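To start, the structure under review is shown below, and the notes come after it.
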There are 2 protein chains.
Amino acid sequence: MQRTGFAGADCPVARALDAIGDWWSLLIVRDAFDGLRRFGDFQKNLGIAKGMLTARLRKLVELGVLEQVAASDGSAYQEYVLTKKGHALFPVVVSLRQWGEANLFARGEPHSVLVDAQGERVGQLVLPSKAGRPLAWSDTKVRKVAARKR
Amino acid sequence: MQRTGFAGADCPVARALDAIGDWWSLLIVRDAFDGLRRFGDFQKNLGIAKGMLTARLRKLVELGVLEQVAASDGSAYQEYVLTKKGHALFPVVVSLRQWGEANLFARGEPHSVLVDAQGERVGQLVLPSKAGRPLAWSDTKVRKVAARKR
DNA sequence: TCGAACTGGTCTTAAAATAGGACTAGACAG
DNA sequence: CTGTCTAGTCCTATTTTAAGACCAGTTCGA
């Protein structure tokens with residue numbers, strides 16, 4: 001059966017997952033943040049089937065997360081680069097990274113880490129209140145809109 | 001073919017997506033943050049097939065994101081609640097929400113919003129450097145470990 | 001300048017995942 | 001005791017995925 005979609009949901013989380021919540025899209029975006037640009041680079045680095053990659057890249061371009069530009073090396077080929085909307089996914093990738101680091105590796109198990117320009121490990125993502133005070137989950141709640149179709 | 005997995009990857013993003021990067025898991029987690037606890041509540045709210053929900057809940061329990069506890073209303077049934085590891089997914093859900101809010105709704109289109117205890121809308125997630133200065137994507141890079149299998 | 005190899009795909013196929021619904025055992029309410 | 005609710009299991013049709021064969025245009029090396 002066709003996979004259920006959430007494109008019309010009121011909840012931004014549902015819409016976001018509908019757009020980029022499949023098995024590959026965020027890994028492609030992660031690789032794009034890592035500097036990968038070419039079809040073949042993504043394909044080799046991810047080990048993804050070419051047909052899948054074609055479909056995913058096309059969807060990400062349609063969504064406006066990636067755009068195709070002429071290759072930077074002067075060849076006749078094209079490259080895929082993050083748009084502004086794509087760059088806005090940075091916190092999503094970082095939050096997944098930080099959760100993974102803290103919860104999916106054994107103590108001492110090596111993994112890649114995110115560092116700043118000085119090579120220092122970055123801190124944890126912080127959710128500030130309007131006044132700038134850090135908020136935990138229990139300090140927040142979701143204000144729903146009047147129910148529509150869902 | 002069997003869906004490609006990333007359980008052994010060096011990259012925490014890949015492992016995180018392997019664990020919770022399917023179409024339903026994060027929506028279940030979102031609903032759990034929203035206070036849903038019972039099988040039937042998740043099923044009704046998400047419109048998910050029961051077989052899917054059974055499989056996803058089981059996987060989330062195995063992962064240690066959810067745990068089953070005796071129902072809080074004194075009945076003989078069970079409930080699913082977030083563990084500490086599950087609560088740690090809060091920034092992931094929030095980052096998806098904020099990206100969705102900013103990029104997937106037309107201007108003026110209504111959507112649910114995250115507010116603090118005073119009902120004020122929360123700010124954007126911030127990634128601080130070790131010293132506490134906010135970092136953008138371009139201020140960071142990924143330090144890889146010595147290449148293994150992938 | 002010619003052929004070989006590279007790039008960026010398309011197409012086909014088999015296996016696996018999903019949606020949807022029928023069915024069921026035990027709990028609960030009247 | 002009986003009907004309904006809960007939390008599932010199981011089955012089937014359809015879609016998605018992985019994997020690889022194949023292909024046209026581009027670039028490279030001699």
Side-chain angles (χ1 to χ4, degrees), chain A residues 1-9 14 17-28 31-32 35-62 66-81 149-150, chain B residues 1-9 14 17-28 31-32 36-63 66-81 149-150:
Chain A
M1 299 297 192
Q2 187 167 172
R3 181 179 278 165
T4 311
F6 303 99
L17 287 170
D18 188 63
I20 49 147
D22 64 277
W23 280 98
W24 291 111
S25 294
L26 279 172
L27 286 171
I28 294 170
D31 278 2
L36 271 58
R37 305 172 136 246
R38 299 280 282 251
F39 184 95
D41 294 336
F42 290 113
Q43 206 255 316
K44 276 195 287 283
N45 192 56
L46 293 170
I48 182 176
K50 291 161 130 200
M52 270 287 92
L53 181 57
T54 302
R56 286 294 176 267
L57 287 172
R58 209 175 327 256
K59 187 178 173 191
L60 289 169
V61 168
E62 268 171 35
L66 295 178
E67 67 185 328
Q68 281 190 287
V69 300
S72 50
D73 62 1
S75 73
Y77 299 112
Q78 296 256 296
E79 298 183 339
Y80 295 89
V81 299
K149 210 59 169 300
R150 217 216 59 232
Chain B
M1 298 295 191
Q2 188 168 174
R3 181 177 280 166
T4 310
F6 303 98
L17 288 171
D18 188 64
I20 50 147
D22 63 277
W23 280 97
W24 290 112
S25 293
L26 279 173
L27 286 170
I28 294 171
D31 278 1
L36 270 59
R37 304 172 137 245
R38 297 280 282 251
F39 183 96
D41 294 335
F42 290 111
Q43 206 256 316
K44 276 195 287 283
N45 192 56
L46 293 170
I48 184 177
K50 291 160 133 204
M52 272 286 92
L53 181 57
T54 301
R56 287 294 177 268
L57 288 172
R58 214 182 316 264
K59 186 177 172 192
L60 289 170
V61 169
E62 267 170 38
L63 270 171
L66 295 178
E67 67 184 328
Q68 282 190 287
V69 301
S72 49
D73 62 0
S75 73
Y77 298 113
Q78 296 256 295
E79 297 183 340
Y80 295 88
V81 298
K149 212 48 166 307
R150 213 217 55 232

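These numbers come from a predicted model, not from an experiment.
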Between P of dA7(D) and CZ of F39(B), the distance in whole Å: 8 Å
Closest-nucleotide 5' rank along DNA chain C - winner of G51(A) and W23(A): G51(A)
Short side-chain N/O contact from W24(A) to OP1 or OP2 of dT16(D), under 4.0 Å: no
dG9(C) base / Y77(A) side chain donor-acceptor hit below 3.5 Å: no
Basic-acidic side-chain contact under 4.0 Å: R56(B), D22(B): yes
Any side-chain heavy-atom pair of I48(A) and T4(B) under 4.5 Å: no
M52(A) side-chain proximity, nearest of dA18(D), dT6(D), dG8(D): dA18(D)
Candidates dA7(D), dC28(C), dT10(C) - which lies nearest the side chain of S75(B): dC28(C)
Minimum side-chain heavy-atom gap Y80(B)-V69(B) below 4.5 Å: no
Sugar-phosphate, base or nothing in reach of Q78(A), heavy atoms under 4.0 Å: sugar-phosphate
Nucleotide of dG9(C), dT17(D), dT9(D) approaching Y80(A) most closely (side-chain heavy atoms): dG9(C)
Contact under 4.0 Å: R38(B) side-chain N or O vs dA7(D) OP1/OP2: yes
Residue A49(A), side-chain heavy atoms: nucleotide from dA19(D), dT10(C), dG8(D) that is nearest: dA19(D)
Separation of atom CD in Q43(B) from atom C1' in dT9(D), rounded to whole Å: 13 Å
Whole angstrom value for the distance that separates P of dA17(C) from CD1 of I48(B): 15 Å
Interatomic distance, L53(B) CG vs dA17(C) P [rounded to whole Å]: 17 Å
F42(A) CZ to dT7(C) P, straight-line distance once rounded to whole Å: 15 Å
Min side-chain heavy-atom separation K59(B)-S25(B) under 4.5 Å: no
Interatomic distance, Q2(A) CD vs dG20(C) P [rounded to whole Å]: 9 Å
Per K50(A) side chain, nearest of listed nucleotides dG20(C), dT10(C), dT18(C): dT10(C)
E79(B) CD - dG8(D) P separation (whole Å): 12 Å
Nearest-nucleotide pick for R3(B), side chain only, options being dG8(D), dA18(D), dT27(D): dA18(D)
Side chain of T4(B) - closest among dT15(D), dA19(D), dC5(D): dA19(D)
Validation row: K50(A), F39(A) side chains within 4.5 angstrom (heavy atoms): yes
Touch class at under 4.0 angstrom, heavy-atom based, for A76(B) against every strand present: sugar-phosphate
Nucleotide of dG8(D), dA7(D), dG8(C) approaching T54(B) most closely (side-chain heavy atoms): dG8(D)
Atom-pair distance (NZ on K59(A); P on dG9(C)), nearest Å: 18 Å
Below 4.0 Å: OP1/OP2 of dG9(C) and any side-chain N or O of R58(A): no
Residue pair L36(A) / I28(A), side-chain heavy-atom distance below 4.5 Å: no
